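Encoded as structure tokens, the structure appears first; notes follow it.
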Amino acid sequence: MASTNTKKPGRWRSLIGLLAIILALFGAVFAGTKWSDATWMPKLALDLEGGTQVILQAVTTNNEPVSSEDINQAIEIIRQRVDSSGVAEAEITSQGGQNIVVALPGTPSQETLDLVRESAQMQFRPVLYFGNPGLIPEPQSTDATGESTEKATGDATDGASEEATDGSKETDSTDATDESAAEETPATDEPNVEPTDPSDFAQVTDSVMKTFNELDCTVPDNRKGGGGVADPNEVLVACADDGSSKYILGPMEIAGSEIANATSGMGTTQQGVSTGKWVVNIEFNKEGTKQFSEVTKRLSGLPDSGTWMMTSPITQSPNMFAMVLDNLVISAPSVTYEIPNGKAEISGDFNNESANRLASQLNFGALPLTFEVQSEETISATLGSEQLEKGLLAGLIGLVLVVIYSLIQYRALGLVTVASLGVAAILTYLAIAFLSWQQGYRLSLPGVAGVIVAIGITADSFIVYFERIRDELRDGRSLEGAIEVGWERARRTILASDTINFLAAIVLYFLAVGGVRGFAFTLGLTTLIDLLVVFMFTHPIMKIISRWKFFREGHRMSGFHHSSLGLDKPRYVGRGRVSTPGAPAAPAFSPDGSRMTIAQRKAAEKAAQESGDASGETLTDQSTTSAKSADQSAQAAKEGDN
């Protein structure tokens, strides 16, 4: 009795846990339908539902030509805005060289449409404070810590270049690796004196500091950019474009339109020797050169911000200069020398991709580019409900065929397959409905294809498990023992197979575009659900039914009858032996559950032969060894055991 009681929790704990997961998903979606905008029907993508299409034309105020690189950069800015707004499956493409086509599924909000239409402008502003990207519970009042990137170097006599280091992953100076402290000026509600220049900390009032502390740049919605062109005469609180930090910035000192050119490449020393590190070179026009000289002269005379200690969430940064595009900081290098000729070199932790990206952003910011709405219209689904119905019908046909095969192959055991597929279907539907509500996920036709493929993946896991159990039964184990040993062996195979499927889904999702990503997403999701069902439903159910007499005694319809196991026809059993039809052969396991040695099995087989029982199963060697030799071998084995 004690042994039975200790096993019960193991049989039911997984089933109760799975039921809790299903009820939690169901309850969350149900609550969302009552108090939020959740629906039981998953949201559909453009190909199945249609949506809104906006065509934008990129124009410049000075009639300068717009290059394909500028259009690509504009597309990236709009994509960041749309993705951060939670709109999934949007299509943003170029058309005719100067037009951008934005197709949004469903009925997008007015805020999202406004984000799409807004122009993106670049501004150069001094950094007053920067800090951890998350929420800061209480304003700092005394000591604060700060980060400084590698010192900006330049020839003060010839003003050849500026070197400024980006300390972030790509383009901003917030890599929290080096640590030191700097003093912080307490913020006041109103400045006691009029600010003397854009770097004056008197501009940071209590309200500005409160906004800074409450800004959470780890939230994607706060990194979507847009919101109109920031007032160039006011202090700006902004996030880094990669969410690594947040900033308080002084008024604009140089407009992005003053940039003449920006390029990326390998840095060189004054002697022309390559440094082996990627840098970004920026050059200003005549007016920008004058402004840049004045700014770098002032910033280079201010104290270094030092390095950022993670123990303090805010740092005073008097000598850092931020490049702001679409109200997001794309780079914030520090300056230590005046640059009188308007040619600067930004160095830091760049690679080829990040350096090219920053150069493209600077060139885009150099254009006084605006977007004019050419048209805005509602578009119909490219595939429509008919294709969705056909896709669902294909999935239903596949499911029915899997069920029929399982019932024919495994009899009553096939009902476990049916029940497991049903649980997997419920979990998949609830998960997609939940993600549609919380993450804005939209189901496309390729996504439906991923769900259909999952039927085969899930059924394959059951087949692997059932066949392992049947193999153990053929070797003479009891049903309970066969289920445990079969699970140990099948589990490794199932994990290996699903791991490969999941890795393939990840690679497809990050490398593919368009509808293929929808397929990859549902493939990865259903692969995880397959593991959940097999571990928390199928295996526990098998442990439960192993105690039922119908299955334990191998009823003809149970799936464990000797005819289902292939014991009613000749079969190869290894080591050059073939089993002929009849009752089960001598067991492969001793009463204590351990596998018999070869000598013990041969002795047991000889004993079964000598018993003369007509129902006994005889073993015939595939070789032409004579009966006399077989008897001698059996006698030797018996003597060996004695």
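The basis for the numbers below is simple: all heavy atoms, side chains too, and nothing from hydrogens, waters or symmetry mates. This one's a predicted model, so the numbers in the text were calculated from it and none came from an experiment.
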**Request:** Look at the aromatic rings of Trp40 and Phe30 and report parallel, tilted or perpendicular, splitting at 30° and 60°.
**Result:** tilted
**Complete:** Closest non-hydrogen atoms of Gly414 and Leu407, given as atom of the first, atom of the second and distance, are C-CD2, 4.0 Å
**Request:** Might you work through the side chain to side chain contact (heavy atoms under 4.5 Å, CB included) test for Lys543 and Glu484, ending with a clear yes or no?
**Result:** CA-CA 8 Å; Lys543 292 171 69 176; Glu484 291 303 323; 3.5 Å; yes
**Request:** Could you tell me whether the side chain of Arg79 and the main chain of Ile92 form a donor-acceptor pair under 3.5 Å?
**Result:** yes
**Asked** Looking at side-chain heavy atoms only, is the closest gap between Ser406 and Val402 below 4.5 Å?
**Response** yes
**Asked** How about Asp241 and Val329: do any of their side-chain heavy atoms sit closer than 4.5 Å?
**Response** no
**Prompt:** Will you find, in the side chains of Ser36 and Trp437, an N or O donor that is under 3.5 Å from an N or O acceptor?
**Reply:** yes
**Prompt:** Are side-chain heavy atoms of Ile452 and Leu399 found at a separation under 4.5 Å?
**Reply:** no
**Request:** Take Phe519 and Val453, measure what side chain to side chain contact (heavy atoms under 4.5 Å, CB included) needs, and give me the verdict at the end.
**Result:** CA-CA 10 Å; Phe519 171 81; Val453 170; 4.1 Å; yes
**Fill in**
Scanning both residues in full, the closest heavy-atom pair of Cys217 with Lys246 reads SG-CB, 3.5 Å
**Request:** Give the intermediate values and the outcome of side chain to side chain contact (heavy atoms under 4.5 Å, CB included) for residues Leu430 and Ile426.
**Result:** CA-CA 6 Å; Leu430 290 175; Ile426 293 172; 3.9 Å; yes
**Asked** Strictly by modelled atom types, are Asp498 and Thr527 linked by a side-chain donor-acceptor pair under 3.5 Å?
**Response** no
**Asked** About how many Å separate CZ of Arg357 and CG of Asn351, when rounded to the nearest 0.5 Å?
**Response** 11.0 Å
**Request:** Indicate the ring-plane relationship of Phe466 and Tyr410, choosing parallel, tilted or perpendicular according to the 30° and 60° boundaries.
**Result:** perpendicular
**Item:** Tyr509 side, atom OH; Arg517 side, atom CZ - distance, nearest 0.5 Å
**Value:** 4.0 Å
**Message:** To the nearest 0.5 Å, what is the distance between CG on Leu523 and CD1 on Ile506?
**Reply:** 10.5 Å
**Request:** Just do the salt bridge (charged side-chain N to carboxylate O under 4.0 Å, His left out) check on Arg223 and Asp216 with the steps written out, would you?
**Result:** CA-CA 9 Å; Arg223 304 196 305 270; Asp216 188 354; over 6 Å; no
**Request:** Examine distances only and state if a side-chain atom of Asp460 and a backbone atom of Gly456 form a donor-acceptor pair shorter than 3.5 Å.
**Result:** no
**Complete:** salt bridge (charged side-chain N to carboxylate O under 4.0 Å, His left out) filter on Glu214, not counting sequence neighbours, yields Lys210
**Item:** Which residues share a salt bridge (charged side-chain N to carboxylate O under 4.0 Å, His left out) with Asp326, sequence neighbours left out
**Value:** Arg81
**Prompt:** Under 4.0 Å between a Lys/Arg side-chain N and an Asp/Glu carboxylate O for Arg477 and Asp471?
**Reply:** no
**Request:** Supply the atom-to-atom distance Met542 CE to Ile483 CD1, rounded to the nearest 0.5 angstrom.
**Result:** 4.0 Å
**Fill in**
For Phe434 and Ala28, the nearest pair of non-hydrogen atoms, with its separation, is CE1-CB, 3.8 Å
**Item:** Separation of Phe502 CZ from Leu495 CG (nearest 0.5 Å)
**Value:** 13.0 Å
**Item:** Arg491: salt bridge (charged side-chain N to carboxylate O under 4.0 Å, His left out) partners, not counting sequence neighbours
**Value:** Glu488
**Request:** Verify whether one side chain among Thr428 and Thr526 offers a donor that lies under 3.5 Å from an acceptor in the other.
**Result:** no
**Message:** With a 4.0 Å cut-off on N to O distance, would you call Arg489 and Glu472 a salt bridge?
**Reply:** yes
**Message:** To check you understand the geometry: which heavy-atom pair defines the closest contact between Ser461 and Ile494, and what is its length?
**Reply:** O-CD1, 3.6 Å
**Side chains of Glu376 and Gln53 in contact at under 4.5 Å (non-hydrogen atoms)** = no
**Request:** Kindly compute the distance separating CD1 (Ile432) from CZ (Arg442), expressed to the nearest 0.5 Å.
**Result:** 14.0 Å
**Prompt:** Yes or no on side chain to side chain contact (heavy atoms under 4.5 Å, CB included) for Thr417 and Tyr405, after CA distance, side-chain angles and deciding distance?
**Reply:** CA-CA 10 Å; Thr417 300; Tyr405 171 82; over 6 Å; no
**Request:** May I ask you to test the Thr93-Ile75 pair for a side-chain heavy-atom distance under 4.5 Å?
**Result:** no
**Message:** Is the shortest side-chain heavy-atom distance between Ser14 and Phe537 below 4.5 Å?
**Reply:** no
**Message:** Is it the case that the side chain of Arg468 and the backbone of Val485 share a donor-acceptor pair, with hydrogens and angles ignored and the cut-off at 3.5 Å?
**Reply:** no
**Prompt:** Do Ile544 and Phe551 have side chains that get closer than 4.5 Å, going by heavy atoms?
**Reply:** no
**Prompt:** Does a side-chain heavy-atom distance below 4.5 Å link Ile100 with Ile55?
**Reply:** no
**Fill in**
For Val423 and Val533, the nearest pair of non-hydrogen atoms, with its separation, is CG1-CG2, 4.2 Å
**Request:** Compare every heavy atom of Ala38 with every heavy atom of Val29, then report the nearest pair and how far apart it is.
**Result:** O-CB, 4.1 Å
**Prompt:** So, the side chain of Ser244 versus the backbone of Ala240: is there a donor-acceptor pair under 3.5 Å, distance only?
**Reply:** no
**Asked** Just by distance, do the side chain of Ser245 and the backbone of Pro133 share a donor-acceptor pair under 3.5 Å?
**Response** no
